[in-house]
K.L.:
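Quick one: the structure is below, and I'll ask about it shortly.
Order of listing sets the numbers, starting from 1, for every ligand and every atom in it. The figures that follow rest on heavy atoms only: side chains count, while hydrogens, waters and symmetry mates do not. Since the model is a prediction, treat every value here as computed from it, not as a measurement.
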Amino acid sequence: MTTPTVVGIDLGTTNSLAAYMRDGRPVVVRDDTGVSLVPSCLSFHPDGTVLVGTAARERALADPEHTIFSVKRLMGRTLADLEPELKHIPHQIVEREAEAGRKVLRVRVGGREYTPEELSAMILREVRQRAGNPTKAVITVPAYFDDAQRQATRDAGRIAGLDVLRIVNEPTAAALAYGLDRNKSGTVAVYDLGGGTFDCSILQLADGVFKVLSTNGDTQLGGDDFDHLLMATAAKEMGLTPAGDPQLLQHLRDAAEKAKIALSAADTAVMQIGDRVHTVTRGEFEALIAPLIDRSLDKCKKALRDADLTPKDVGEVVLVGGSTRIPYVRRRVGEFFGRTPHTELNPDEVVAIGAAVQADILTSGRRDRLLLDVIPLSLGVETLGGAMDRIIERNTTVPCTGTTRYSTHKDNQTAILVNIYQGEREVVAANKLLGQFKLSGIPPMPAGFPIVLITFRVDANGMLKVTAKEERSGVEAAVEVKAAHGLSQDEVERLVLESVEHAHEDFTARRLIEFRRKGEANLEHMRKGLAQQGDKLTAEQRTTIDTAAANLTAAMAGNDVETLDRADKAFAAATLPLAQFVMDAAAKGYLGGKTEGDLDSDAM
Ligand code: AMP
């Protein structure tokens, strides 16, 4: 078997798996026995070994304390986020303070603590290994995953040694697996009923790009609930009381799941525990789960309502998740939408296959199929001197956010102008201006003191909201602009190509801008420092500073980056004693006239 270099991975709550493309056809990664699913389950041993997958799941009963399930529910969440479902999570979860007051969850197991990212990475590593250790992957997440959850998934991939090319929505992947992007336009409903969760997503396809119009679901509805219902009736019928008997409970659970699966193909199934036997018919099973299927269809109704649609508007229905193998589920979903759902692909594998299709599109450079759910061109702001500071890079999957820290470059500057640009070029003049706003009301402070955080937030529909906040005073301003729209694929490609062609010249232009800007600020600081503390310098120190300043000024008038770099370094060395005196006297306050100016990057 040739081993793939890039795979699509469905990192699921219950199971995970990988697929890849070979000669234009999807191949699902399987073990020697033909099994593709890797249970998303980990088992920690006292000797430090960690079992992953089936081996771990088999230890669940014997060693529940050291077995971890459903890590996906913890990804990118805080304890407060999890509060409503905490009672369903059997693991010991703690929250720790990380840098910048950020809180991170950790799972305690076997005397150690692990982040959800680390645990997911162990599952990803197993999936990756089975696929022959590819280096690149597309990983799928539920459509409702927010930024933090997507970022956590990306980080898990990175920890597992994968270059994560893209995070793709699971319903989008399912639609891709069926090639529905070739329809060019239309509405797709994805009904995803797995072991523990249910999701319904309504996608709109326009010009080959999928947009998630709405999602709805229930994080506590799935095949496990069908098992529980069967267990309860069977236990009653057989006169068993499993409460408080984990062993018996597990046997019942296994028997129930087997019976449920058998009923997808047969009219009756038998559950046997010891010498006790219970027979269940398909009709009885359907009556048992009907209220739960009603509940799932209610969620579909809500999703449609949120998208301003009715079932009639849906052109294609895709089924995802092991529980959609149940004939009754297929029938009910078909009736609800008034059309036969797609079931040709294995519902457990369809998301991984879609991820593989997406990975293939991204790496083979195929032009016939389009990029999905992404920012086509980078978004950023203009910094002093006309340089483009990218805050969100192109090809980032939406929704997404990015934040960068800036400050002022003049003393007592009370306002800054934020110019928002889109494009790949290093100088804003070559990019497209999307919008502009002013953050005013900054209290007078010395240059460099205000902390201005500029945040870009792009929602699932490509709407960009930019906020600027001065942290010390709390003053804030925001603007909403339409980003990412109105560009054809050709236009995007042309702009990206242009940025590559101009890469060298742009890079030099940007460095020149940055050196000049930094030079101006440094000369200004020097002048101020000399006025305040100049008398403390020796004559020799003063001469060194004057020479360095003259060299810097001359270099700034020229166009040579190397000369500027040298002059900048020499100036920094020469002004060191002065900086020391200024810092020593720094307690003095400032008062003066108000000024306003542009952004000053804090990074320099
Ligand atoms: P998933 O989370 O998508 O892997 O789905 C797992 C769920 O699908 C579990 O509850 C399984 O018991 C269930 N499942 C798998 N195969 C079948 C089948 N043939 N009939 C009914 N349920 C199934």
Side-chain angles (χ1 to χ4, degrees), residues 8-19 28-31 34-41 53-54 56-57 60 69-73 88 120 123 127 140-143 170-171 173-174 177 190-201 217-231 234 250-269 271 280-286 288-290 292-293 296 318-333 341-355:
I9 298 179
D10 173 3
L11 179 62
T13 311
T14 323
N15 293 300
S16 299
L17 72 155
V28 175
V29 176
R30 297 176 194 283
D31 67 9
V35 174
S36 62
L37 300 181
V38 178
S40 303
C41 186
T54 313
R57 198 178 53 184
F69 291 99
S70 300
V71 179
K72 189 170 175 176
R73 293 185 194 272
H88 298 289
S120 282
I123 297 164
V127 172
T140 57
V141 295
E170 288 161 10
V190 180
Y191 179 100
D192 180 348
L193 187 62
T197 58
F198 168 70
D199 293 299
C200 173
S201 310
D218 189 331
T219 54
Q220 308 295 337
L221 173 63
D224 298 347
D225 298 296
F226 307 161
D227 301 347
H228 291 146
L229 290 169
L230 273 179
M231 283 161 73
Q250 187 61 34
H251 286 147
L252 257 175
R253 192 176 292 139
D254 289 346
E257 188 180 13
K258 276 207 189 84
K260 172 186 75 175
I261 290 173
L263 285 172
S264 288
D267 286 333
T268 57
M271 287 174 67
V280 52
T281 68
R282 192 186 268 189
E284 284 163 355
F285 175 64
E286 291 179 355
L288 219 50
I289 66 168
L292 296 180
I293 306 308
S296 76
V318 172
L319 296 186
V320 179
S323 298
T324 63
R325 287 211 183 82
I326 299 170
Y328 178 67
V329 172
R330 293 183 174 184
R331 201 163 71 233
R332 292 289 310 275
V333 176
H342 282 282
T343 53
E344 305 89 301
L345 294 171
N346 187 331
D348 290 322
E349 297 174 352
V350 56
V351 169
I353 290 173

K.L.:
For V318, which residues count as a side chain to side chain contact (heavy atoms under 4.5 Å, CB included) partner, sequence neighbours excluded?
P.N.:
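Here the qualifying residues are A174, Y178, L180, V188, V190, V320, H342.
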K.L.:
Is there a donor-acceptor pair under 3.5 Å between the side chain of D199 and the backbone N or O of G217?
P.N.:
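Here the side-chain-to-backbone pair does not exist.
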K.L.:
Do the two ring centres, one from F285 and one from Y328, sit under 6.0 Å apart?
P.N.:
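Judged by ring-centre distance (under 6.0 Å), F285 and Y328 do not meet the cut-off.
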K.L.:
Looking at R331 and E286, is any side-chain nitrogen of the basic one under 4.0 Å from a carboxylate oxygen of the acidic one?
P.N.:
yes
K.L.:
Run the side chain to side chain contact (heavy atoms under 4.5 Å, CB included) test against A143 and tell me which residues pass, sequence neighbours left out.
P.N.:
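By the side chain to side chain contact (heavy atoms under 4.5 Å, CB included) rule, A143 matches N169, P171, S201, V212, T215.
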K.L.:
Can you give each donor-acceptor pair under 3.5 Å made by side-chain atoms of residues 253-261, sequence neighbours left out, with the distance rounded to 0.1 Å?
P.N.:
| from | atom 1 | to | atom 2 | distance (Å) |
| --- | --- | --- | --- | --- |
| R253 | NH1 | Q250 | OE1 | 2.9 |
| D254 | OD1 | Q250 | NE2 | 3.3 |
| K260 | NZ | G223 | O | 3.3 |
| K260 | NZ | D227 | OD1 | 2.9 |

K.L.:
Return a table of N or O atom pairs, ligand 1 on one side and protein on the other, at distances under 3.5 Å, rounded to 0.1 Å.
P.N.:
| from | atom 1 | to | atom 2 | distance (Å) |
| --- | --- | --- | --- | --- |
| ligand 1 | 2 (O) | G195 | N | 2.9 |
| ligand 1 | 3 (O) | G322 | N | 2.9 |
| ligand 1 | 4 (O) | N15 | ND2 | 3.1 |
| ligand 1 | 5 (O) | G195 | N | 3.4 |
| ligand 1 | 5 (O) | G322 | N | 3.2 |
| ligand 1 | 8 (O) | S323 | N | 3.3 |
| ligand 1 | 10 (O) | K260 | NZ | 3.0 |
| ligand 1 | 12 (O) | E257 | OE2 | 2.6 |
| ligand 1 | 12 (O) | K260 | NZ | 2.7 |
| ligand 1 | 16 (N) | R325 | NH1 | 3.0 |
| ligand 1 | 20 (N) | S264 | OG | 2.6 |

